[in-house]
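Working notes for the structure below.
The first residue of the sequence shown is numbered 1, and numbering continues consecutively from there. Model, not experiment: these values are computed from the prediction.
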Amino acid sequence: MKKSLYILGVGIALLMSSCSSSWLDQHPGGSTITEEQYYAMDDVMEGTVVGIMAQMNDFGNHDWFGQRSIDMYGDFTSGDMAMKNSNAGWFMTDEMGQSYSRRGTLWSYYYNVVRACNKALNVVHMTVNQEQLTDEEYIITNGEAFYYMAEILALRGWAYDNLQKWFCYTPKYIKESLGESLDEHKSIPLYTEADTKNDTTYGNDLSSVTDVNVRIEEDLNNAIYYFDILESAGYSRSMVQEINSEVAKLFLAYHYLNAEDYVDAAEMAEDFLKNTSLQVLDTANLLTTGFAESMNNNWVWGQDITVQTTTCLGSFYGQCDIYSYSYAAQGDIKGIDEELYKSIPAWDQRKHWWNNTYDQWENTKDTKGRESIKWAPDGKFYSPTIQAKVGYKRKAEGYELDRDWLCDQVFMRVELGYIIAAEAYARQEGKLDEAIAKLRGITDHRYLNADKAAYEDYLLTLKDQQSVLAAIKYNWRVEFWGEGFGLQTLRRYGEEVTLGTNHKNRTKVNPNDPAQLRSYTFEIPSGEQYYNPHLHNDNTELEEDME
């Protein structure tokens with residue numbers, strides 16, 4: 001790529017800016033576009049990607065710092081992440097199972113991505129004709145611009161997929177509880193490039209689940225089509241925060257899984273695994289810096305945090321890491337659910353991802369601090385900065401803390417491909433062997449040799465669909481704790497979960513309980529219902545979620 005995506009200055013401005021079309025040729029001739037057209041299109045496309053990446057780490061408040069704060073909302077709502085006490089109050093509504101207060105923020109966040117993508121794609125459509133969009137020689141000749149376009153298509157599909165996951169019931173609930181088909185059940189509004197180009201479009205009606213799925217799948221498949229052509233020709237991303245074919249394939253595989261299209265989910269996950277050079281984090285490095293450094297060889301997508309991009313106190317590590325100077329270090333622990341922790345068997349080295357002993361502060365007089373670190377993720381999400389400086393993380397006689405806040409942010413790891421494939425196979429008839437094999441792609445790296453016999457005994461319990469699906473659910477909740485997959489796992493499995501004692505006021509979560517539905521499937525924000533003429537309801541009471 002000709003420019004680094006860390007040119008953040010143009011980021012947010014380009015998200016909402018319109019582009020002049022005075023230089024555009026509707027039907028350019030020859031095998032390439034003109035130099036003027038090329039660089040104009042290329043700059044707009046690059047600026048759009050930069051802006052969306054900046055938004056993913058955009059600081060708004062100490063409980064809003066972009067995508068990783070959304071991940072926390074979902075994991076709190078599912079009950080997998082717990083916070084018994086809160087001195088500052090950040091994330092407490094989510095801990096209490098009321099993440100629906102976030103709906104306006106999420107709605108705006110993902111639709112801003114959609115709008116930015118549509119505006120950039122309009123430039124493409126005004127510059128390149130339809131035949132050239134599928135001409136491989138033309139695509140490769142103008143590869144830089146088309147690589148950005150592939151990223152933008154993938155990001156639009158990803159945004160729509162997230163909107164549907166948050167604001168629409170699961171397919172199972174729609175069909176079994178509501179008695180509707182996916183063709184007739186209404187989901188979210190879709191906005192195309194034409195809608196965005198026409199500034200008189202003030203809103204669209206709700207599209208069906210099927211129509212939204214078609215849009216998501218078309219965008220992601222088109223992105224993969226361009227990535228495959230360009231990467232075969234030598235184009236590649238320059239850093240882990242950019243989108244490439246691997247990211248797009250996991251977007252699509254995860255979408256298929258949540259859409260209950262298990263055959264395609266398995267196929268796409270297998271495609272990803274077959275073609276990636278990334279490796280599962282091994283047991284030897286399980287408790288090192290595998291979740292704080294973007295250069296790790298199991299990261300598919302993430303962000304390298306620098307002094308220019310850090311959001312300091314209001315960040316994922318600021319909120320979750322007891323070794324970074326911020327809220328967790330002062331006692332607002334975001335820890336693992338107690339019952340989930342107890343379910344981790346002794347052979348599973350992931351049990352050491354969380355603190356349950358108080359050993360580090362055993363002799364300290366700070367009784368409150370010592371008690372508060374229980375359940376903290378001090379073996380998974382922790383800053384290695386202080387350990388590198390003084391040889392240990394934190395002891396009773398010292399309060400050295402990371403005040404740089406430069407830990408990187410992980411969005412997707414290679415392990416995701418294995419567990420998507422495992423669940424997709426397990427939900428098909430006659431595919432249990434394939435499901436177990438893919439699950440072992442992760443679990444074979446989660447025990448020590450001394451525990452091999454216990455691990456092999458565990459494998460013997462995987463004997464039917466029910467036991468295999470339960471094992472996969474356990475691995476979703478433990479392996480990907482704190483990474484934003486908890487709520488969708490809860491919704492997809494649709495089972496009541498008993499919580500431990502380290503929650504503020506909840507003992508159970510049930511995604512099928514009518515009284516709790518609003519927490520797990522958001523209602524469209526009241527501001528959208530009021531101002532969108534297709535959804536307008538004169539009786540809608542405007543709430544504070546109109547942001």
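Side-chain contact check for T210 and N213: no donor-acceptor pair (N or O, by modelled atom type) lies under 3.5 Å. Side-chain contact check for N118 and N122: no donor-acceptor pair (N or O, by modelled atom type) lies under 3.5 Å. N221 and E217 share no donor-acceptor pair across their side chains, judged by distance under 3.5 Å alone. Inspection of the Y327 and H62 side chains reveals an N or O donor paired with an N or O acceptor under 3.5 Å.
Distance check: Y325 OH to C312 SG gives 12.0 Å after rounding to the nearest 0.5 Å. To the nearest 0.5 Å, atom CG of residue L281 and atom CG of residue N297 are 10.0 Å apart. A distance of 7.0 Å separates CG in N258 from CG in D161, rounded to the nearest 0.5 Å. Going from atom OG1 of T306 over to atom CD of Q308 covers 4.0 Å, rounded to the nearest 0.5 Å.
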Is there a side-chain contact (heavy atoms from CB on, under 4.5 Å) between Y226 and L153? Walk through the geometry before answering. CA-CA 10 Å; Y226 288 119; L153 286 167; 4.0 Å; yes

Applying side-chain contact (heavy atoms from CB on, under 4.5 Å) to M72 and D75, what does each step give before you reach the verdict? CA-CA 5 Å; M72 289 180 66; D75 283 359; 5.8 Å; no

Go through the steps for L133 and M149 under the test side-chain contact (heavy atoms from CB on, under 4.5 Å), then give the verdict. CA-CA 11 Å; L133 289 174; M149 188 175 80; 4.1 Å; yes

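Ring centroids of F291 and W353 are separated by less than 6.0 Å, placing the two rings close together. In this structure, the ring of W481 has its center no less than 6.0 angstrom from the ring center of W476.
Salt bridge R215/D211: absent, no basic N to carboxylate O contact under 4.0 Å. With salt bridges taken as basic N to acidic carboxylate O contacts below 4.0 Å, one links R156 and E193. Using a cutoff of 4.0 Å between basic side-chain nitrogens and carboxylate oxygens, E479 and R413 are scored as salt-bridged. Ion pair R102/D63 flagged as a salt bridge, since at least one NZ, NE, NH1 or NH2 atom sits closer than 4.0 Å to an Asp/Glu carboxylate oxygen.
The side-chain contact (heavy atoms from CB on, under 4.5 Å) test applied to T276 returns E246, F272, L278, V414, not counting sequence neighbours.
Tested against L206 for a side chain to side chain contact (heavy atoms under 4.5 Å, CB included), the candidates I524, V212, N532 yield a single pass: I524.
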